[in-house]
Undergrad: 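Take a look at this one; I'll ask things after.
FYI, the numbering just counts along the sequence from 1. Just so it is clear, the model here is predicted, and its values are computed rather than measured.
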Amino acid sequence: MNRKDDSDPLDQEIDFSQARHGPVITPESDKTRITISLDTAVVDWFREQVPENGGSYQTLINEALKVHIDQQQSRNDLEQTLRRVLCEELDARQAA
């Protein structure tokens with residue numbers, strides 16, 4: 001006899017009235033999901049780096065952007081220091 005088992009959850013109606021729209025897995029708190037268009041050659045290059053570096057191509061792009069930001073901040077810090085030192089030296093010479 002082919003009788004359905006009433007305890008089988010696939011045979012029961014599922015109530016989705018309390019369901020929420022959105023990702024099942026929430027992103028890390030320090031991450032922001034965006035949509036971005038990049039050159040195909042750029043994405044391909046990062047995908048080719050994954051076997052050597054591990055992770056995902058998105059992680060590699062994120063790391064490259066962080067390195068770029070750090071370099072820019074270091075350059076700005078260096079520039080500000082040089083400007084301050086030069087101004088101090090010029091002021092000292094004018095005062096002498």
Side-chain angles (χ1 to χ4, degrees):
M1 198 190 310
N2 284 340
R3 185 174 163 255
K4 286 187 178 181
D5 183 7
D6 290 336
S7 65
D8 186 352
L10 296 177
D11 290 337
Q12 299 174 3
E13 287 246 353
I14 299 173
D15 177 17
F16 289 103
S17 64
Q18 300 297 316
R20 294 182 306 181
H21 186 276
V24 175
I25 300 172
T26 56
E28 297 175 35
S29 62
D30 64 337
K31 301 281 184 177
T32 301
R33 180 173 291 280
I34 64 167
T35 300
I36 185 172
S37 296
L38 301 172
D39 292 346
T40 300
V42 171
V43 175
D44 288 346
W45 186 86
F46 278 99
R47 283 184 173 152
E48 290 168 5
Q49 305 311 304
V50 171
E52 295 174 23
N53 299 294
S56 70
Y57 75 96
Q58 292 131 326
T59 300
L60 295 177
I61 292 170
N62 192 61
E63 292 302 316
L65 290 170
K66 286 198 272 186
V67 167
H68 176 75
I69 290 168
D70 289 343
Q71 289 173 345
Q72 292 300 312
Q73 288 174 339
S74 293
R75 280 192 197 125
N76 290 340
D77 292 344
L78 177 61
E79 182 181 341
Q80 288 173 356
T81 301
L82 288 173
R83 286 180 186 274
R84 182 180 49 78
V85 169
L86 289 172
C87 286
E88 289 172 2
E89 288 296 317
L90 287 172
D91 288 344
R93 285 183 186 231
Q94 289 174 353

Undergrad: Under the side-chain contact (heavy atoms from CB on, under 4.5 Å) test, which residues partner Ile34, sequence neighbours left out?
TA: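 Counting only residues at least two positions away or on another chain, Ile34 forms a side-chain contact (heavy atoms from CB on, under 4.5 Å) with Thr32, Ile36.
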Undergrad: Hey, could you give me each pair passing salt bridge (Lys or Arg N to Asp or Glu O under 4.0 Å) that has a residue in residues 37-49? Not counting sequence neighbours.
TA: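 Salt bridge (Lys or Arg N to Asp or Glu O under 4.0 Å) check on residues 37-49 returns no pairs.
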Undergrad: Same cluster for Phe46 and Val67 if Ile/Leu/Val/Met/Phe/Trp/Tyr side chains link at under 4.5 Å?
TA: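 Different hydrophobic clusters.
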Undergrad: For residues 64-74, which residue pairs pass the salt bridge (Lys or Arg N to Asp or Glu O under 4.0 Å) check, not counting sequence neighbours?
TA: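 The answer is Glu63-Lys66.
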Undergrad: Hydrophobic clustering (ILVMFWY, side-chain heavy atoms < 4.5 Å, transitive) - are Leu65 and Trp45 grouped together?
TA: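 Yes, Trp45 and Leu65 fall within the same hydrophobic cluster.
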Undergrad: Got a donor-acceptor contact below 3.5 angstrom from the Asn53 side chain to the Gln49 backbone?
TA: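 Answer holds: yes.
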Undergrad: Please list, chain by chain and in numerical order, all residues satisfying salt bridge (charged side-chain N to carboxylate O under 4.0 Å, His left out) with Glu52, sequence neighbours excluded.
TA: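 None.
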Undergrad: If the condition is salt bridge (charged side-chain N to carboxylate O under 4.0 Å, His left out), which residues does Glu79 pass it with, not counting sequence neighbours?
TA: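 Glu79 satisfies salt bridge (charged side-chain N to carboxylate O under 4.0 Å, His left out) with Arg83 only.
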Undergrad: Taking all non-hydrogen atoms of both residues into account, name the closest pair between Val43 and Tyr57 and its distance.
TA: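 Nearest pair, atom of Val43 first, then Tyr57: CG1-CE1, 3.9 Å.
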Undergrad: So, taking the atom named SG in Cys87 and the one named CG in Leu82, what distance separates them when rounded to the nearest 0.5 Å?
TA: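 It is 11.0 Å, given to the nearest 0.5 Å.
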Undergrad: Give the cluster check for Leu60 versus Ile69: same hydrophobic cluster or not, with ILVMFWY residues linked at side-chain heavy-atom distances below 4.5 Å.
TA: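 Not linked; separate clusters.
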Undergrad: Do Thr81 side-chain atoms and Asp77 backbone N/O form a donor-acceptor pair below 3.5 Å?
TA: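 Yes: the side chain of Thr81 pairs with the backbone of Asp77.
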Undergrad: Can you pull out every salt bridge (Lys or Arg N to Asp or Glu O under 4.0 Å) where at least one residue sits in residues 84-96? Sequence neighbours excluded, please.
TA: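 Output for this query lists Arg84-Glu88.
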